[in-house]
Amino acid sequence: MKINFINTLKYSFLLIIAISLTSCQEEANYEAKVNFNKGWQFTKLAKTTDSDAAFSQPNFDATSWESVSLPHTTNIEPQVVNDQWQGIAWYRKSFNVLVNPSKKKVFLELEAAMNFSKIWINGTLVSEHHGGYLPVKVDITNYVEKGDANVIAVRLDNTDNDITGPKPLKRLDFNMYGGLYRNAWLHFSDKVYISDPVLANKVAGGGVFITYPKVSKAVSEVAIKTHVINEEKEAKEVKIVQSIFYDGTLVKEQLTVKSIGAENDVEVQQIFTLNDAKLWSPKDPNLYQLETKIFIDENEIDAEITNFGIRVFTFDKENQLEINGVKTFLRGVNRHQDYPFIGYALSDNAQYRDAKKIKDGGFDYIRLSHYPQSPAFLDACDELGIVVVDAIMGWQYYNDTDAFREYCYRSASELIRRDRNRPSVLAWEVSLNETKEMTVPFMTELNRITHAEYPGENVYSCGWMDDVYDIYFQARQHRILHPHPLKEGQPYSVSEYGDWEYHSKNAGLNQDNLPNSMRAELSSRQSRANGEERLLNMAFNLQESHNDNLHTVAFSDSYWVMYDYNRGYHPDIEYSGVMDIFRLPKFGYYFYQSQRDTDEAQILKLATFWNEKSPLDVKVFSNADEVQLFLNDKLIATQKPDENKNTDKLNHPPFTFKVSSFEAGTLKAVGFINGKKVSEDSITTAKEPTKLKIWIDESGKQPQAGVNDVVFCYIAAVDENGTINTDYSEEINVTLTGDLEIMNPDVIKAEAGIATALIRVGNSLNGTISAEAKDLKSNNYSF
């Protein structure tokens with residue numbers, strides 16, 4: 001008996017050790033940041049009922065709900081949205097916690113949840129959050145258990161909201177699509193950890209905050225402030241190691257040792273001096289990586305990576321922008337973040353593709369209208385070299401209540417805390433766009449918050465009214481002239497132009513009234529299906545208005561708008577985009593491309609379909625200094641930009657060639673710089689189509705499986721020479737194999753010769769796409 005008892009004790013002791021070792025090993029191997037996008041169940045309600053309260057409880061059976069992954073939209077909308085779905089959406093999932101919450105920290109982050117959200121963890125309400133564009137972050141440590149028995153329930157309400165605004169959807173003029181439409185994350189850490197800047201709620205603090213006390217090519221200074229929290233019951237001595245890398249190579253490293261009292265926190269400030277630093281600018285978007293590590297007793301307990309770029313935005317005596325001391329005019333554009341059919345639920349890759357098209361289109365600057373946009377999109381701006389004006393939510397709406405004002409103030413703080421380390425951000429638009437009801441005290445407080453959250457020089461607020469903001473943003477198209485005399489030292493930007501002044505019965509910049517019969521023809525709102533003459537006139541509007549901006553004191557302008565978008569209440573799409581809603585270019589896109597410097601790219605594009613309906617004044621957009629035009633290999637003319645047009649301040653005015661008469665065949669344009677051929681483009685008169693051609697929009701990011709990626713698939717009707725027949729407008733049937741899904745709920749129909757299917761990629765790229773229409777077929781496109 002004694003021997004058996006001893007053996008039992010030994011066995012129990014070894015079992016306890018084994019379990020402890022296994023537990024320690026599990027906790028040692030957990031990921032600090034876990035993607036939380038997969039495995040959700042979803043349902044939606046037109047309105048709430050008493051029974052939906054049960055949806056929040058952990059024992060509720062949601063197996064009948066739809067299985068979805070994030071990013072996700074609550075409703076697949078038609079191509080033209082004039083009655084967007086609004087209501088209550090529920091998301092639930094079971095999830096595993098690999099750590100012991102009594103020893104570790106667990107945080108939940110939803111990058112976006114439209115618009116008023118409630119979150120339950122294991123049946124306990126842990127968050128109520130107004131606003132659908134900034135992250136919802138919650139410390140859920142006290143509400144979870146180790147293991148896979150945890151349940152999260154999220155209730156979203158995207159109906160009209162007096163606290164968040166803006167004005168009611170039925171007259172909003174853009175859409176606020178519902179859903180958990182960005183990424184979700186679980187964050188794990190020890191009880192001693194780098195804080196989150198939003199949860200820490202420290203003015204100009206929390207997390208890792210990088211600033212630049214000195215910026216020059218010779219010597220630059222990088223100041224790093226790191227906030228570390230100790231939630232242990234005893235004081236801890238921590239080592240904070242900051243390591244700066246460039247392109248994977250260690251540049252500099254610093255170690256700081258600090259003692260943090262029990263249940264206390266500390267902010268550590270370090271300054272790096274970098275010689276011959278690689279500065280960030282639109283032409284050279286150099287990015288460094290800061291690796292922040294926290295150690296206790298030589299054990300790494302927390303780590304964070306922060307990308308940053310060393311740069312400074314200043315204004316000279318004439319209020320012109322200088323980036324790192326170099327005078328720079330920013331040619332820009334506005335962007336709404338929606339896609340057709342899926343609303344805001346873009347993959348990170350799709351966000352990058354949008355930014356890449358903007359950069360390739362000749363733009364170095366984006367005004368994010370009129371709300372905070374995706375971290376993935378801003379990552380792309382940092383990487384590609386696109387200067388950004390970052391905006392809080394606001395458009396033609398002011399509610400004279402404390403709740404509304406506090407929401408705006410919180411939004412301003414959280415926007416800056418989220419994006420303050422980004423080199424791309426020039427200014428903070430802490431203003432409610434086109435909202436005349438904003439009071440001076442309200443704007444003053446938003447301006448104060450900006451400078452409190454980001455103290456120091458060369459930090460700028462901006463807004464639609466010029467009372468208190470550092471930079472005045474005027475939508476020139478809402479007035480006849482450029483602005484009244486500005487306050488001394490106040491820079492000016494043309495925040496929107498090129499659309500309304502050509503739409504609202506106005507004949508361009510002379511502001512003469514037009515009959516309605518000519519309004520549509522001369523407007524900048526032109527679909528690709530409207531034909532060559534209207535698209536050319538649209539391009540002229542852009543040329544005229546952009547040139548006019550260059551004659552003002554503005555340091556930047558931003559055309560309205562980059563992509564066609566839905567207006568929500570209107571029977572048609574808003575068509576002033578230089579690309580359509582499917583990201584296909586119009587002639588105006590090539591005009592802006594041609595304004596790029598020749599050291600960036602050599603641009604030449606024939607703006608014609610060259611058929612019997614084509615104008616004989618052939619427009620060529622190019623940044624070459626000489627262009628030759630050929631028709632069927634016969635030289636029509638050689639042309640240089642008209643130097644006598646002293647009213648033209650464009651970088652590269654378009655070339656216009658007069659062709660005496662139409663002749664079917666091939667038009668070819670050749671561009672020269674200093675006598676050397678640098679670019680070429682040609683177009684051949686289209687014949688009857690003989691087949692369908694398929695291609696995928698990659699724009700710097702190939703389709704990716706397993707991340708809810710969405711890509712545009714273009715299907716064109718082409719003739720025997722491969723020329724797109726722009727008169728083709730038939731329905732097209734698209735067939736998929738493999739783990740692919742067509743998101744179009746409508747019939748897929750060609751517009752100006754090209755049809756578009758929006759395709760969601762599943763967990764495999766082993767699929768094919770084929771198409772047919774009447775007597776036309778395509779080859780299989782394989783991923």
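All values derive from a computational prediction rather than experimental measurement.
Within the 6.0 Å centre-distance limit, the rings of Y460 and F315 are counted as a close aromatic pair.
In this structure, the side chains of F363 and Y592 come closer than 4.5 Å at one or more pairs of heavy atoms. At a threshold of 4.5 Å between non-hydrogen side-chain atoms, the residues R418 and L378 count as touching. Looking at heavy atoms from C-beta onward, T552 lies in side-chain contact with Y492 at the 4.5 angstrom threshold.
Contacts of D599 classified as salt bridge (charged side-chain N to carboxylate O under 4.0 Å, His left out), with partners at least two apart in sequence or in another chain: K283. In this structure D466 satisfies the side chain to side chain donor-acceptor pair (under 3.5 Å) test together with H484, sequence neighbours excluded. In terms of the side chain to side chain donor-acceptor pair (under 3.5 Å) criterion, S594 has no residue partners (sequence neighbours excluded). E267 pairs by the salt bridge (charged side-chain N to carboxylate O under 4.0 Å, His left out) definition with nothing, not counting sequence neighbours. For D302, there are no side chain to side chain donor-acceptor pair (under 3.5 Å) partners two or more places apart in sequence or in a different chain.
Dense packing is recorded around NZ of K487, with more than 12 heavy atoms of other residues, nucleotides or ligands lying under 6.0 Å away.
Using the six-membered ring where Trp is involved, Y565 and W560 have ring planes that are perpendicular, over 60° apart on the 30 and 60° scheme. The aromatic rings of Y344 and Y371 lie tilted to each other, with the angle between the two planes from 30° to 60°. Ring pair F329/H546 is tilted by interplanar angle, where 30° to 60° counts as tilted.
Ion pair K239/E298 flagged as a salt bridge, since at least one NZ, NE, NH1 or NH2 atom sits closer than 4.0 Å to an Asp/Glu carboxylate oxygen. The existence of a salt bridge linking E300 and K293 is confirmed by a sub-4.0 Å separation between a basic side-chain nitrogen and an acidic carboxylate oxygen.
Checking each of H187, R182, K33 against E109 for a side-chain hydrogen bond (donor to acceptor under 3.5 Å, both in side chains) leaves exactly one that passes, namely H187.
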message: side-chain contact (heavy atoms from CB on, under 4.5 Å) for H336 and Y563? Distances and angles first, verdict last.
response: CA-CA 7 Å; H336 272 307; Y563 303 114; over 6 Å; no
If you look only at distance, which donor and acceptor atoms sit under 3.5 Å apart when one is on a side chain in residues 193-208 and the other is two or more places apart or in another chain?
unit_1 : atom_1 : unit_2 : atom_2 : d
Y193   : OH     : E231   : OE2    : 2.7
S195   : OG     : G207   : N      : 2.8
S195   : OG     : H227   : ND1    : 2.7
D196   : OD1    : V198   : N      : 2.8
D196   : OD1    : L199   : N      : 3.0
D196   : OD2    : K137   : NZ     : 2.6
N201   : OD1    : R417   : NH1    : 3.0

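Rounded to the nearest 0.5 angstrom, H451 NE2 and N447 CG are separated by 4.5 Å.
Between the side chain of Q595 and the main chain of H652, a donor-acceptor pair closer than 3.5 Å is present.
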